[in-house]
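Take a look at the structure set out below.
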2 protein chains.
Amino acid sequence: MDKVFHALADKTRRDIVQRVLVSPQSVSVLAGEYSMSFAAVQKHVAVLERARLVTKQKRGREQLVSADPDTLRHASQLLDRYEQLWRHRVRAIAEILSEDTDNIEDNKEQS
Amino acid sequence: MDKVFHALADKTRRDIVQRVLVSPQSVSVLAGEYSMSFAAVQKHVAVLERARLVTKQKRGREQLVSADPDTLRHASQLLDRYEQLWRHRVRAIAEILSEDTDNIEDNKEQS
DNA sequence: CTAACGTACAACCATGTGGTTGTAGATCAG
DNA sequence: CTGATCTACAACCACATGGTTGTACGTTAG
């Protein structure tokens with residue numbers, strides 16, 4: 001999971017993910033889109049590949065890069081779980097504030 | 001957004017986020033949870049703070065670390081948008097395969 | 001007041017990162 | 001076959017990262 005977020009922590013790599021989500025592209029076509037060397041784009045793709053965000057498959061002498069939506073979904077689900085923790089906390093605080101227990105005599109800083 | 005994903009690309013930092021989502025903690029309490037120096041934990045908190053995933057507020061001589069669920073939600077929404085791109089692509093492919101247009105005479109590699 | 005605590009920050013080091021260039025292997029066009 | 005294309009990978013560099021230790025400052029306890 002470290003690798004997934006690290007892979008997504010770069011604008012170029014997120015852009016590559018977005019492009020190949022729409023339609024698979026060869027490495028050289030991708031490289032043409034950015035103002036950096038072919039090798040640099042190749043490295044970015046390698047990072048995405050190690051994080052299992054994309055997969056490559058040979059097609060003649062080209063290498064087609066496709067997205068792996070499963071990994072993307074796993075990352076999204078993790079963040080969703082974090083949000084649920086937050087909502088759970090908010091709910092717990094709300095319950096404390098509504099406080100329908102026995103002793104409601106003291107009002108200690110309820111801001 | 002680079003900073004957000006970079007901040008999440010570390011197990012310790014994700015754990016800190018999870019802890020302070022449940023309930024805010026002081027830096028020293030957090031530091032006690034991990035087998036690394038206080039300064040190291042402090043740096044991790046600083047990374048999370050720069051990514052606006054957490055905020056700090058003084059409370060006496062302590063510094064309470066709290067989560068910022070908005071930033072978390074933004075990241076989650078970006079990944080959701082990626083998933084929608086994928087679903088859109090799947091839908092487009094499905095439409096091409098159902099192909100109820102005029103010319104259905106040629107079957108060019110539909111795998 | 002002094003001592004202990006919580007924090008901040010600088011300096012340092014090993015390692016990883018993003019970028020470059022260069023070289024070499026497959027594959028397609030002619 | 002030869003030459004052009006697509007890819008892979010190594011070497012290198014500047015810089016950021018994650019970790020350490022040490023020092024300094026504000027705050028609380030006694």
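Lettering of chains follows the sequences in order, A, B, ..., and the numbering in each one begins at 1.
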Which of the following nucleotides, [options], is nearest to the side chain of [X]?
| X | options | result |
| --- | --- | --- |
| B:Ala39 | C:dC9, C:dG18, C:dT21 | C:dC9 |
| B:Met36 | D:dT20, D:dG18, C:dA8 | D:dT20 |
| A:Gln42 | C:dG18, C:dA26, D:dC9 | D:dC9 |
| A:Phe38 | C:dT20, D:dT7, D:dT20 | D:dT7 |
| B:Arg61 | C:dG19, C:dT7, D:dT27 | D:dT27 |
| B:Lys43 | C:dG19, D:dG19, C:dT7 | D:dG19 |
| A:Glu62 | C:dG19, D:dC6, D:dA8 | D:dC6 |
| A:His6 | C:dT17, C:dT7, D:dA4 | C:dT17 |

[N], OP1 or OP2 - any side-chain N/O from [X] closer than 4.0 Å?
| X | N | result |
| --- | --- | --- |
| A:Ser37 | C:dT20 | yes |
| A:Lys56 | D:dT7 | no |
| B:Arg13 | D:dG18 | yes |
| B:Ser28 | C:dT7 | yes |

Rounding to an integer number of Å, can you tell me how far [X] [atom1] sits from [N] [atom2]?
| X | N | atom1 | atom2 | result |
| --- | --- | --- | --- | --- |
| B:Gln63 | C:dC5 | CD | C1' | 14 Å |
| A:Lys58 | C:dG25 | NZ | P | 14 Å |
| B:Arg50 | C:dC9 | CZ | C1' | 13 Å |
| B:Glu49 | C:dT7 | CD | C1' | 12 Å |
| B:Lys3 | D:dA16 | NZ | C1' | 13 Å |

hydrophobic_cluster_shared for A:Met1 and A:Leu48, side chain cutoff 4.5 Å: yes
Hydrophobic cluster membership, A:Val54 vs A:Met36, 4.5 Å side-chain cutoff: yes
Check: A:Arg52 side chain, A:Thr71 main-chain N or O, donor-acceptor pair, under 3.5 Å: no
Carboxylate-amine/guanidinium contact A:Arg91 A:Glu95, below 4.0 Å: no
A:Asp15 and A:Arg19 ion-paired at < 4.0 Å: yes
A:Asp10 or A:Gly60, whichever maps to the more 5' nucleotide of DNA chain C: A:Asp10
Sugar-phosphate, base or nothing in reach of A:Ser26, heavy atoms under 4.0 Å: sugar-phosphate
